[in-house]
Each structure stands twice: as C-alpha cells, then as structure tokens.
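Along the sequence shown, residues carry numbers from 1.
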Amino acid sequence: MSIEESTPLRDEPGQRPVAARRRLHEGMVFDLVRDTVDFAEGVRFDREYVWHTGAVAVLAVDDRDRVLMIRQYRHPVGHELWEIPAGLLDLDGEPPHVAAARELAEETGYDPASPLRTLVDLRPSPGGNDEVIRVYLAESVRENTEEFERSDEEAELLHRWVPLGEAVTAVLEGRITNATTVSALLALQTLRAQGQGTAALRAADAPFMARPGRD
C-alpha cells in the first residue's frame, strides 16, 4: 500500500479499541501497563509499555551561537551525559512552556529573557513508551539570583556554554547521545542551514502532542 506523494507528512491519531487494560506496576515516576488491543477484524494482541508523564526541555542559545548544556549522571545507562536542561511534566495544571522555563532555572540558574519558541516535538521510543517531549528554543537568557536545592542525580550538575558547531560535531562523532539533546541540536542546525530565524518556529503555547487513550 502506498500514499500519494502530494500528501503532507503528518503523524495521524488512530487509536485502536482497547478491550482490556492492566496496570502491571506502579512506579515512582512511570507505570507499566498491558493493553489488549482490538487491532482489526479478528486480530487481537497484547502490548506492554511504559506510561510516562511526558517531559519538556530547553535549548538555550546566546548571541555568540553557543548552547547551554549540562552534565548529569544517568544511572540506567551508567554514564554522565551531556544534555540540555529538561524535566518531567509532573505538576498538575502547569503549562508545558512554563514547566520548561522552571526546569531551565532550576538546573542552570538561568531564566529566559525572551519568549520561548517550540523547536521540535519528540516521541523518543513509541514502540514501548508513550512519552512525549517538547523542546523549546530560548534565544536569550539571564542569570537569576535564586538558589535551588538539587538532590539525587541533580546534586552534581555542571553546566557549560558550548559553540553550536562544536556540539553538533560531538553528536555526529557519537560523543553526545542523549536523544532529546541530539534532536534539539540537529533541529537548530537545520534551522540555521535553511537561513530561517525563530519566526519560522511555532509559538511556545502551540497545541501539545495528542496522546489518544489517555482520556
């Protein structure tokens, strides 16, 4: 089966009926669920996947085209990773772009000095995880004076301003592997290569990604 080449590329919602759902594990942040899916006439199967709160991230860039990155220990992969500031959407009623600005401040000590723009949307592992991540672009930031208490992996956070070209090279050489960070850096590099400014990006409050089956 093929689709006409003139059809715009777009992910389309198409939630199949769920005959049964079981929560197999309730975790501190994520849950594991098993759905029995009525996929088509006479076709039924089970799928287990992680229920995720969703997340946001911020790629901050200064007037010297440097990006703000943090180094953070990630226990599941046993590495200290260079990443962009990010956090969970775990506060009820907090708009995603507000959460992103809060995470930027808490993890780096910087606040956006101009409105955020939506850089790129991600579903990083849709075969086994319903996580959605929105990355925002902050073209200017300012240091704040508020002290934030950091714990667990965040207790040893380091931050560094890195030239965009240097960061992109690190991605292509396999030295930076965090999926959100890789996507954000390559998206900004593409924007630069196309000669477009932030006016080409969606607003910070653009409609967030739909998650059928969550209602």
Side-chain angles (χ1 to χ4, degrees), residues 1 3 7-18 21-40 45-59 67 69 72 74 76-77 79 81-92 94-104 107 116-138 167-168 171-172 174 176-191 200-215:
M1 180 185 299
I3 297 178
T7 302
L9 289 176
R10 187 189 307 265
D11 296 336
E12 299 288 353
Q15 175 76 12
R16 306 301 169 93
V18 176
R21 170 170 290 158
R22 290 178 54 200
R23 187 167 301 193
L24 305 179
H25 173 72
E26 186 171 344
M28 294 185 296
V29 179
F30 320 124
D31 296 341
L32 178 65
V33 300
R34 177 185 295 162
D35 286 354
T36 299
V37 182
D38 283 334
F39 182 73
F45 50 71
D46 289 343
R47 287 292 180 267
E48 292 180 358
Y49 58 99
V50 173
W51 257 21
H52 194 286
T53 61
V56 288
V58 181
L59 180 60
V67 294
M69 301 187 67
Q72 183 171 0
R74 294 299 192 183
V77 297
H79 278 68
L81 301 182
W82 281 104
E83 308 175 349
I84 59 175
L88 299 172
L89 289 171
D90 55 1
L91 295 182
D92 287 343
E94 184 178 41
H97 64 284
V98 174
R102 174 177 55 79
E103 291 291 347
L104 175 66
E107 293 188 350
L116 300 176
R117 304 288 291 188
T118 296
L119 178 61
V120 66
D121 288 338
L122 309 171
R123 289 187 171 92
S125 186
N129 193 320
D130 77 342
E131 181 180 15
V132 291
I133 303 174
R134 171 162 288 179
V135 182
Y136 296 91
L137 179 66
V168 170
V171 168
L172 298 178
I176 293 176
T177 57
N178 174 276
T180 304
T181 301
V182 168
S183 299
L185 292 171
L186 297 184
L188 180 59
Q189 179 77 346
T190 300
L191 193 72
L201 298 175
R202 291 167 289 160
D205 60 354
F208 204 72
M209 288 166 282
R211 295 214 273 180
R214 283 301 194 107
D215 299 333

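Residues Val58 and Glu103 are not in side-chain contact: their nearest non-hydrogen atoms beyond the backbone lie 4.5 Å or more apart. Contact of the Pro124 side chain with the Thr180 side chain is not registered, since no non-hydrogen atoms from C-beta on lie closer than 4.5 Å. Here the side chains of Arg10 and Glu12 are in contact, with some heavy-atom distance below 4.5 Å. Counting heavy atoms from C-beta on, the side chains of Val50 and Asp31 never come closer than 4.5 Å. With contacts defined as side-chain heavy-atom distances shorter than 4.5 Å, the pair Leu188/Leu137 qualifies.
With hydrogens and angles ignored, the 3.5 Å screen pairs a side-chain donor or acceptor of Thr118 with a backbone N or O of Ala203. A donor-acceptor distance shorter than 3.5 angstrom exists from the side chain of Tyr136 to the backbone of His97, with no hydrogens or angles considered. Without hydrogens or angle criteria, Asp130 side chain to His52 main chain gives a donor-acceptor distance under 3.5 Å. Glu83 places no side-chain N or O within donor-acceptor distance of the main-chain N or O of Asn178, the cut-off being under 3.5 Å. Judged by distance alone, the side chain of Arg117 and the main-chain N or O of Leu201 form a donor-acceptor pair under 3.5 Å.
Using modelled atom types, one finds a donor on one side chain and an acceptor on the other under 3.5 Å when comparing Asp46 with Thr36.
Residues Arg47 and Asp35 are not paired through a salt bridge, judged by the lack of any N-O separation under 4.0 Å between the basic side chain and the carboxylate.
Residue-environment remark: CZ (Arg202) exceeds the threshold of 12 foreign heavy atoms within 6.0 Å.
Across all non-hydrogen atoms, the minimal contact from Glu131 to Ala55 is OE2-CB, 4.0 Å. Summarising the geometry of Ala200 relative to Leu191, their closest heavy-atom pair is CB-CD1, 4.5 Å, with the distance given to 0.1 Å. Minimum heavy-atom separation, Ala99 to Leu89: CB-CD2, 3.9 Å. Across all their heavy atoms, Ala184 and Ile84 have their closest contact at CB-CD1, 3.7 Å. Closest of all the heavy-atom pairs between His25 and Gly27 is NE2-CA, 3.6 Å. Pairing each heavy atom of Val135 with each of Leu59, the nearest pair is CG1-N, 4.3 Å.
Arg16 meets the side chain to side chain contact (heavy atoms under 4.5 Å, CB included) test with Val37, Phe39; sequence neighbours excluded. With sequence neighbours left out, Gln189 forms a side chain to side chain contact (heavy atoms under 4.5 Å, CB included) with Leu164, Val168.
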Handout entry: CA sep, side-chain torsions, deciding dist, call: Leu119, Arg134, side-chain contact (heavy atoms from CB on, under 4.5 Å)
Key = CA-CA 8 Å; Leu119 178 61; Arg134 171 162 288 179; over 6 Å; no
